[in-house]
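To start, the structure under review is shown below, and the notes come after it.
Side chains are part of it too, since the values below use all heavy atoms of this structure and drop only hydrogens, waters and symmetry mates.
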Protein chains: 2
Amino acid sequence: MDTTQRTDQQRSADRRRRELLEAADRVVLRDGPQASMNAIAAEAGITKPILYRHFGDKGGLYAALAKRHTDALLASLRAALDAPAERRERVESTLDTYLAAIEARPQVYRFLMHPAEGGQGGDQGFDVGKHSAPLLRRMGEELAQVIEERVDLGPGSQQLARVWGHGIVGMMHAAGDWWLGERPCSRAELVRSLADLLWGRLAAAGDRMGGPGF
Amino acid sequence: MDTTQRTDQQRSADRRRRELLEAADRVVLRDGPQASMNAIAAEAGITKPILYRHFGDKGGLYAALAKRHTDALLASLRAALDAPAERRERVESTLDTYLAAIEARPQVYRFLMHPAEGGQGGDQGFDVGKHSAPLLRRMGEELAQVIEERVDLGPGSQQLARVWGHGIVGMMHAAGDWWLGERPCSRAELVRSLADLLWGRLAAAGDRMGGPGF
DNA sequence: GTACGGTGTTACTAGCGGTAACAAGAGTCT
DNA sequence: AGACTCTTGTTACCGCTAGTAACACCGTAC
């Protein structure tokens with residue numbers, strides 16, 4: 001009686017929540033990250049207070065929205081990361097997966113990473129500053145875990161793996177961001193270049209002028 | 001007559017501008033990145049429209065503010081980057097310079113990188129999203145130029161250098177951000193770990209379980 | 001019937017970025 | 001002297017935002 005009622009209501013609420021998130025998604029993808037709560041509510045065919053009842057505040061809505069995309073992206077990355085292949089191949093495949101994702105849906109990516117970039121109007125966009133870090137952090141921790149599991153780094157391996165995880169994710173992120181804006185080369189070339197960097201080609205290359213003393 | 005007059009006025013305007021920027025700096029460092037134009041104007045002892053006459057809009061003020069810090073940081077980095085030392089030493093020194101800077105003035109750093117992170121109030125903070133990229137971009141391009149000048153990368157070196165420049169800067173940034181938040185190790189250890197990563201230790205390390213086939 | 005929990009609305013607050021309109025001082029030209 | 005202009009400063013406003021309070025409706029349980 002009470003239980004079935006409750007579950008029914010809960011289900012209904014969950015479905016509604018999903019609908020609202022999808023509406024928010026549409027608006028954000030259309031209007032850019034500075035989409036207002038009013039606009040999202042209108043797109044969902046309702047008014048603001050309902051949105052606030054479901055998500056608390058704008059940050060809550062954003063967090064829910066970001067979690068969806070982040071989870072999806074992380075799942076893809078995990079697949080590439082855990083593939084039964086050689087390390088170099090796995091690294092390249094992971095890089096490529098990430099870059100393909102941001103290439104395929106740049107607006108989603110920009111929304112997750114850069115709060116209010118597009119649009120000429122006011123700048124009260126989503127306060128993604130508080131949340132973009134968590135995305136990068138999650139990716140960094142995930143990668144760190146995989147590194148620690150699969151690579152033999154000797155003593156201090158856990159700490160080293162975490163540094164590397166966050167570092168590599170940052171490299172991927174920044175390079176991808178720059179590449180997405182300028183498109184100076186193909187995705188494959190970018191992947192190769194980054195993998196080369198991780199493979200120590202910087203250390204292996206010779207100096208261009210004079211000796212190391214100058 | 002006209003010229004001296006003009007230069008006088010220009011000088012006065014420049015001085016005023018600098019005063020305003022210093023006031024803005026104080027407010028941003030005190031109130032966090034969500035400092036309002038009103039608050040900055042009040043700190044400077046004036047009212048909003050003057051601020052707008054000097055900087056156009058909030059983005060302009062932020063850009064001016066960011067340029068000061070960015071220029072200072074870039075100058076330090078250039079010094080470390082151009083030092084007459086071996087490559088590994090130069091890399092470590094540059095990493096350390098950057099990390100020391102963000103360690104010494106985390107509030108400035110957070111302001112430059114993360115728009116509205118602190119504070120519990122409204123989220124109409126500085127719209128740094130539009131401008132944090134430029135900082136990373138500038139660092140990336142700078143590093144790319146140094147790499148291209150000093151490292152012999154064979155054909156396609158320019159493009160490779162740019163990819164690496166942005167990638168390394170991103171690595172430094174993300175790792176530094178994470179490190180600043182968690183402080184899991186000393187600065188020196190972090191520097192060493194990152195340099196090791198760039199030196200190909202990831203590629204050189206052995207697998208932990210099974211062969212590369214699993 | 002009536003009380004109730006959920007869904008929805010309208011109407012509002014407080015604060016933001018940004019601007020128009022106006023006032024006052026200082027130097028300049030006639 | 002008086003009018004003209006330029007800079008510096010103000011007050012008062014606009015339109016927008018996030019977020020909230022208060023009220024209305026509707027199906028169900030007793």
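- Between the base of C:dG18 and the side chain of B:Lys48 there is a donor-acceptor pair shorter than 3.5 Å.
- A distance of 4.5 Å separates CG of B:Leu194 from CE of B:Met171, quoted to the nearest 0.5 Å.
- The cationic group of A:Arg162 does not satisfy the cation-pi geometry with A:Trp164, failing either the under 6.0 Å distance to the six-membered ring centre or the 45° limit from the ring axis.
- Evaluation of atom-type donor-acceptor distances gives a pair under 3.5 Å for the side chain of B:Arg53 against the base of D:dG9.
- At D:dT8, none of the side-chain N or O atoms of B:Arg17 fall inside 4.0 Å of OP1 or OP2 (strictly under the cut-off).
- For B:Pro49, taking side-chain heavy atoms from C-beta onward, the closest of the listed nucleotides C:dG17, C:dA20, D:dG19 is C:dA20.
- Between A:Leu180 atom CG and A:Leu99 atom CG the span is 9.0 Å, to the nearest 0.5 Å.
- Rounded to a whole Å, the CD atom of B:Gln34 is 14 Å from the P atom of C:dG15.
- Atom pair B:Phe55:CZ and C:dT19:C1' shows a separation of 18 Å (rounding to whole Å applied).
- Classified by interplanar angle (parallel below 30°, tilted 30° to 60°, perpendicular above 60°), the ring pair A:His166/B:Trp178 is parallel.
- Going from atom CZ of B:Arg16 over to atom P of D:dC6 covers 21 Å, rounded to whole Å.
- In this entry the distance linking CD1 of B:Ile50 with C1' of D:dT11 reads 12 Å, nearest Å.
- Look at CG on A:Asp57: it is 16 Å from C1' on C:dG15, rounded to the nearest Å.
- When the P atom of D:dT11 is taken as reference, atom OH of B:Tyr52 falls 16 Å away, rounded to whole Å.
- Here A:Thr47 does not reach the OP1 or OP2 of C:dG8: none of its side-chain N or O atoms lies under 4.0 Å away.
- In this structure, the CD atom of A:Glu19 is 12 Å from the P atom of C:dT7, given to the nearest Å.
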